[in-house]
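The structure appears below as structure tokens.
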2 protein chains.
Amino acid sequence: MATIYEVSKLAGVSLATVSRVINKNSRVSDKTRLKVQDAMKELGYRPNSIAQSLASNRSNSVGILVSELHGPFFGQMMAGIEAELRAAGKHVIITCGHSEEDKEKDGIEFLISRNCDAIILHVEAVSDAYLIDLCKGKMPVYFMSRLVEGLNDNCISLDNELGGYLATQSVLEQGHSAIAYIAGPEFKADSKDRLAGHKRALADNNIAFSDTLYFEGDFKETGGSDGLKFFIESKQEFSALICANDEMASGAITYGREQGLSLPKDLSIIGFDNIIFARHTYPKLTTIDNPVNLMGHMAAKLVLKNIYKQKDMSITHSFEPTLITRDSVINKT
Amino acid sequence: MATIYEVSKLAGVSLATVSRVINKNSRVSDKTRLKVQDAMKELGYRPNSIAQSLASNRSNSVGILVSELHGPFFGQMMAGIEAELRAAGKHVIITCGHSEEDKEKDGIEFLISRNCDAIILHVEAVSDAYLIDLCKGKMPVYFMSRLVEGLNDNCISLDNELGGYLATQSVLEQGHSAIAYIAGPEFKADSKDRLAGHKRALADNNIAFSDTLYFEGDFKETGGSDGLKFFIESKQEFSALICANDEMASGAITYGREQGLSLPKDLSIIGFDNIIFARHTYPKLTTIDNPVNLMGHMAAKLVLKNIYKQKDMSITHSFEPTLITRDSVINKT
DNA sequence: ACTTTGAATTCTAACGATAAAATTCTAACA
DNA sequence: TGTTAGAATTTTATCGTTAGAATTCAAAGT
């Protein structure tokens, strides 16, 4: 591979001049710029990004940690981040933490050791204290879908409490009052907030929250099936089921039908996230839209603005969920 | 951040010695190793991977190009590759080509310019000729889910023809004979091979392939709905529908029910890929399993073996699809 | 013609590691 | 005691670029 040195020789200028036409920040006369560009073309020159990084102390890479590389939710998130960053010539180094504390810490260490210019984290298992500490280090850290105390400016988050409220409120408005709730893992902030919204909506409607109509799921299909099984076996009356995400709602739908329920007649179900497949369940899933792709774009923009000093980036830190009405919730009356 | 130089000073040894304890390939006496390790710990030293890359001409990064970052299929694939590589201390740089020729080429260029040690491509729009040419360059290139003429050793592929055959054969065995087929985009190799398998199964059973029961879809939900719409509006008789992937099958199921079909009684549907959601459609989707996660692992192993010279890597280049029987195909009789 | 000034360009020293060659050390053996 | 082989360690050059200081150049002002 041709180096900058060979280009400079061929063009008859110094190394520094070539470097300056590559980086087009400092001024070079049109004449020399052309000479250099010709030489670059002739040699098929491509700057060595590693050498650039070493010399400039900039790797032009952004680390991303998500819980899982698969899964519709993270897919949308990564797609948003990558698209935005790639358009700016930056690249993403992606790894995953599987929602486990050790693996998340491990992943973060890994990204730091790769000399990213910044990292964007979707972490769930690690504590706020750890993150606050992490932010004291020299690596800039940003958070997706998580609001870390005192680090608001580094967070892109969804109002999960509102989402939880919206879900429950919409079900209540359809005349349901005995409502079962399958939450995500209690240690996850998302779960907690969505549940809080649920409780607020119940309270607003003077309905008591019942422990027996609560189940802690795992945010996966199994959480939905296990939860519904639990409720059915406990022989309680309930006409609606709220699932803290769409995967669990899917699991619940599948399990419910296996148990002979006619959906949505026998049971209304609402999900959360509005993943792409939500429109292909039967009945089509009513859910809460989580604009995670947009949020991914925004996280990337935040990095572009703060780290790469790009102008004209208007940042929104907080996003609002909205109700998507389909067929899985019906009027009780 | 502490550098190797500071460590060497603190430990009272030379740079080279520190380098050798970091890379633990060459021998260092236990005594000095300990001294150096202590010094590293004391300084919180972490090797600068960029400098390592420049000096060793190894970036320890593998570029990955997939069609989309979202989507269940690619998620599984990326997860497999990343897990394997990450365990070996390598990182992945991921980008996407959106199944468009220009964007794919662009993505490849992008990865090459990032000095990856190798790249793993899932490309669909780019020609074999282009890829063969690409392989003549100095960047090692590997292919996922694609068999490039003469580059077999660099490919990890699925026997799509067999998968197509299996799908059709299984439907035929259930007594169906009027079978509609929704293919993927014709320019994609996967589509072509699956269709070829379909035709072979028909031929084996002395059933003529009918142009009017063929529709070229887009591998997305819309392909399924558009295809089924086309068949229904053409007023043909058919009792089974084969979709070249699960997304299209989902779309077809949803559309079919919207049109008042009772599934699977009125129409049997089979998909391809066995994405995670296939078990949550209604009826649960009978499909062909595509072990793409495994294949991702295998592609990574191939890189580990060829590029990073890891031993004990047994490589399987070709994978076989298998039939997953669920509820969406019923016996016609 | 002679400064002056600002733009254009070159020079030089990093950046933080690796790797090959050169050197020193250590212990065994004649 | 001197030799020698092999292990342990150091020396030195290098990877390909950037960045700031130093220099040269060109046009304008006096």
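In what follows, chains are A, B, ... by sequence order, proteins preceding strands, each numbered from 1.
- Annotation: side chain of B:Glu82 is in contact with side chain of A:Cys96 (closest heavy-atom distance under 4.5 Å).
- Between A:Tyr45 and D:dT17, a side-chain N or O to OP1/OP2 separation shorter than 4.0 Å is present.
- OP1 or OP2 of D:dA8 has at least one side-chain nitrogen or oxygen of B:Arg27 nearer than 4.0 Å.
- Judged purely by atom type and a 3.5 angstrom limit, B:Arg46 has no side-chain atom pairing as donor or acceptor with the backbone of A:Ser113.
- Contact annotation: B:Asn57 side-chain N/O to C:dT18 OP1/OP2 distance is not under 4.0 Å.
- Of the candidates C:dG16, D:dA8, D:dT18, the closest approach to any side-chain atom of B:Asn48 belongs to C:dG16.
- Geometrically, A:Lys188 does not engage A:Phe219 in a cation-pi contact defined by less than 6.0 Å to the ring centre and at most 45° from the axis.
- Nearest-nucleotide mapping onto DNA chain D: of B:Arg20 and A:Ala51, the residue sitting toward the 5' end is B:Arg20.
- B:Val66 and B:Met77 get closest at one heavy-atom pair: CG1-CE, 3.6 Å.
- When the C1' atoms of four end pairs are superposed on the next four at each end of the helix from C:dA1-D:dT30 to C:dA30-D:dT1, using five pairs per end, the two resulting axes differ in direction by 60°, to 10°.
- Remark: B:Asp30 engages B:Arg33 in a salt bridge, criterion side-chain N to carboxylate O under 4.0 Å.
- Less than 4.0 Å separates DNA chain D from at least one heavy atom of each of the following residues of residues 12-19 of chain B: B:Val13, B:Ser14, B:Ala16, B:Thr17.
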